[in-house]
Amino acid sequence: MNKELIKNIIVEYQEFVFKKTFMERPFVLEEHANYVFVGLRRSGKSHLMYQQIHRLIKNGHTIDEILYINFEDDRLTGLLLEDLDTIKLSYEELYPSRPIFFLDEIQIIPQWEKFVRRLADIGYQVYVTGSNAQMLSSEIATTLGGRFLIQEVYPYSFAEYLQAQNILLETNWIYKTAIRSEIIRQFNNYFYDGALPELLLFKDKRSWLSNLYQKIFFGDLIARYTVRNVNAMRLLIKKLAESVKQPSSYTRLTHIISTTGTKVGTQTIIDYLNYAEECWLTFSISNYATKFVEKESNKKYYFIDNGLLNLFLFDPETSLLENMVAIQLRKKYKKQVYFYNQNVEIDFYIPEEALGIQVSYSLHDPETEKREINAFLKISGLLNLDQMIIITKDEKRSIPIAENKSIEVIPIWEWLLAIP
């Protein structure tokens, strides 16, 4: 690799990140830690790097100390492991400073983790981004030796989405008709289009999302995992979208895909499901009430962004509502989110919070309300729930069910702004 080209790239990127404007997101990073940022394409990992660079400069570092490289740069196509050390040597010929490394989309480089581990071993501070959760695989975790913290990066929360639209939540905003109406209007866009930061720049949001999905499908799934049965993977993703509210077993998914004329085995379906999670397209939750085997083999699957899910749906409202709740719970409670289904069904159960959540688009139908309330009444004999919530599209009230106990009915947009 030509050192002069690398030097030009280093200086060019220093100027770029120094001038870069961005919306600050509420991430708090340890001062002296090394980080791997992981998440879906276009979820804001690079911007989190820019944010951290500006924080370092604000705290007394200079731009000369920053070594930022985006490995998706076409000038760096074909780099190998040994070229990474050439980048380090090129920086050292430019500056006497000890660099802080920001390595963006480094998973493109084969065996990148060996270089990064060596940097950490000799005391450099390093920030790394990557588009899929292979960066959290057991092999890489072993290689990095516990020297890196993992920071998951999700699309915008609703509060961030409003901030990006220059909508500030004033004191007692919920009682102010004009701001409340604007928030509800903005929520409808957030609900259907999703919350990937870059999406806000485009008018034709569906075309942008379709293009992004194609990149994820062919780049992060088909090419990266050398998937040979492309049609089976395509049908599987479509089926997961259509079944977002229902548990889907390995055997059932295998049968459904096979009945379309695309022959596929159960192990292949298991692999494909793992690939979809590893590239941050989907995530899953297990049934708290079942034994280990069924916990693993009969899960509910959700999409990491409502806009991507909505590409597959007709009459999408109920699926989008539950998917949005699932995303928020996943962000807050990580993998401690379950559903409960054994004689009685609860959409979401978080044991550490003694929290049960039902999701219902509307409770206007008396039968629907009765069903949701009865589910909580039945499960009260099995689980000691401190909080019982029904999340709706736009209804709010409290339903007493026992002395000092009630079910809180909350509109989704208000719940999203209230949950940290």
Side-chain angles (χ1 to χ4, degrees), residues 1-25 27 29 34-57 61-92 94-95 99-116 119-120 124-135 140 148 150-153 155 196-199 201 208 211-212 215-216 219-220 223-224 279-280:
M1 190 70 188
N2 184 290
K3 276 189 178 181
E4 288 305 306
L5 173 60
I6 293 177
K7 289 176 183 178
N8 284 331
I9 290 172
I10 289 171
V11 172
E12 181 182 309
Y13 273 127
Q14 285 175 332
E15 294 176 355
F16 168 75
V17 297
F18 186 71
K19 295 177 181 178
K20 185 68 178 178
T21 58
F22 54 89
M23 186 188 84
E24 186 157 340
R25 302 185 68 181
F27 290 96
L29 305 180
N34 302 311
Y35 277 92
V36 179
F37 302 146
V38 294
L40 182 70
R41 279 180 183 253
R42 304 293 184 238
S43 60
K45 301 182 298 298
S46 296
H47 279 76
L48 184 54
M49 277 193 164
Y50 308 149
Q51 179 172 308
Q52 184 62 9
I53 289 168
H54 280 250
R55 283 184 182 175
L56 290 171
I57 292 172
H61 292 276
T62 68
I63 193 62
D64 290 351
E65 296 174 75
I66 303 302
L67 202 175
Y68 171 90
I69 298 287
N70 185 335
F71 289 95
E72 289 189 327
D73 191 319
D74 63 280
R75 294 170 295 180
L76 301 174
T77 300
L79 285 189
L80 300 174
L81 176 62
E82 54 266 28
D83 295 315
L84 295 176
D85 207 52
T86 304
I87 292 174
K88 177 176 178 292
L89 294 173
S90 298
Y91 173 90
E92 290 169 348
L94 282 170
Y95 302 107
I100 302 170
F101 286 84
F102 289 84
L103 307 175
D104 203 352
E105 299 293 352
I106 196 174
Q107 84 284 343
I108 292 170
I109 312 301
Q111 298 182 304
W112 63 270
E113 65 275 10
K114 293 183 179 180
F115 174 72
V116 169
L119 290 178
Y124 286 94
Q125 190 165 16
V126 187
Y127 298 85
V128 173
T129 75
S131 288
N132 75 48
Q134 267 197 319
M135 301 191 74
I140 291 175
F148 285 74
I150 306 303
Q151 178 65 59
E152 297 180 350
V153 182
L196 291 163
E198 194 175 328
L199 180 68
L201 302 175
W208 186 88
N211 184 60
L212 174 62
K215 289 180 181 178
I216 294 168
D220 293 345
R224 185 166 292 157
C279 75
W280 289 82

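Computed from a predicted structure; not experimentally measured. Residue indices begin at 1 and follow the sequence shown.
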Q. Could you state the interatomic distance from CD1 (Ile106) to CD (Glu72), rounded to the nearest 0.5 Å?
A. 12.5 Å

Q. Any luck finding a side-chain donor-acceptor pair between Gln111 and Glu113 under 3.5 Å?
A. no

Q: Return the set of residues passing side chain to side chain contact (heavy atoms under 4.5 Å, CB included) with Asn211 (not counting sequence neighbours), or none when no residue passes.
A: Lys215

Q | Test item: Leu76 and Ile108 side chains (from C-beta on) under 4.5 Å apart, heavy atoms | A | no

Q: Please tell me if the side chains of Ile87 and Tyr91 come closer than 4.5 Å, counting only heavy atoms from C-beta onward.
A: no

Q: Quick one: list whatever passes side chain to side chain donor-acceptor pair (under 3.5 Å) with Asn34, sequence neighbours left out.
A: none

Q) So, do Trp208 and Leu196 sit near enough that their side-chain heavy atoms are less than 4.5 Å apart? A) yes

Q: Could you list the residues that satisfy side chain to side chain contact (heavy atoms under 4.5 Å, CB included) with Asn2, not counting sequence neighbours?
A: Glu4, Leu5

Q) Atom CG in Asp220, atom CG in Leu40: separation rounded to 0.5 Å? A) 8.0 Å

Q: Taking side chain to side chain contact (heavy atoms under 4.5 Å, CB included) as the test, write out the residues that go with Glu65, two or more places apart.
A: His61, Thr62, Ser97

(Q) Test of understanding: with salt bridge (Lys or Arg N to Asp or Glu O under 4.0 Å), list the residues that count as partners of Lys3, not counting sequence neighbours. (A) Glu93

Q.
Checking Gln14 now: which residues fulfil side chain to side chain donor-acceptor pair (under 3.5 Å) with it, not counting sequence neighbours?
A. Tyr95

Q) side-chain contact (heavy atoms from CB on, under 4.5 Å) between Lys45 and Glu105: does it pass, once the steps are laid out? A) CA-CA 9 Å; Lys45 301 182 298 298; Glu105 299 293 352; 4.1 Å; yes

Q. Which pairs, with at least one residue in residues 10-22 and sequence neighbours excluded, count as a salt bridge (charged side-chain N to carboxylate O under 4.0 Å, His left out)?
A. Glu12-Arg75

Q) Listed by chain and number, what are the salt bridge (Lys or Arg N to Asp or Glu O under 4.0 Å) partners of Asp64, not counting sequence neighbours? A) none

Q: Going by the side-chain hydrogen bond (donor to acceptor under 3.5 Å, both in side chains) test, name the single residue among His47, His54, Arg55 that passes it with Glu24.
A: Arg55

Q. When Phe101 is tested against each of Tyr68, Trp112, Tyr124 for ring pair (Phe, Tyr, Trp, His ring centres under 6.0 Å), which residue passes?
A. Tyr124

Q: Work out which heavy atom in Pro197 is nearest to a heavy atom in Arg25; give both atom names and the distance.
A: CG-NH1, 4.4 Å

Q. How long is the span from the NZ atom in Lys7 to the CG atom in Leu89, to the nearest 0.5 Å?
A. 10.0 Å

**Q.** Derivation of the side-chain contact (heavy atoms from CB on, under 4.5 Å) call for Leu103 and Leu84
**A.** CA-CA 10 Å; Leu103 307 175; Leu84 295 176; over 6 Å; no

Q: For Gln52, check side chain to side chain donor-acceptor pair (under 3.5 Å) against everything at least two apart and list the hits.
A: Tyr127

Q: Specify the closest pair of heavy atoms between Leu81 and Pro110, including all atoms of both residues, with the distance to one decimal.
A: CB-O, 3.8 Å

Q) CZ/Arg42 to CD1/Ile216 distance, rounded to the nearest 0.5 angstrom? A) 9.5 Å

(Q) Please enumerate all residues that pass salt bridge (Lys or Arg N to Asp or Glu O under 4.0 Å) together with Asp85, with sequence neighbours excluded. (A) Arg118

Q.
Distance check, rounded to the nearest 0.5 Å: Glu92 atom CD versus Leu67 atom CG?
A. 9.0 Å

Q) Does a side-chain heavy-atom distance below 4.5 Å link Ile109 with Phe115? A) no

Q: For Ile57, check side chain to side chain contact (heavy atoms under 4.5 Å, CB included) against everything at least two apart and list the hits.
A: Phe18, Ile53, Ile63

Q) Rounded to the nearest 0.5 Å, how far apart are CG of Asp83 and CZ of Phe71? A) 9.5 Å

Q: Answer whether the closest heavy-atom distance between the side chains of Glu198 and Leu212 falls below 4.5 Å.
A: no

Q: With sequence neighbours left out, write down each residue that passes side chain to side chain donor-acceptor pair (under 3.5 Å) with Tyr35, or none if nothing qualifies.
A: none

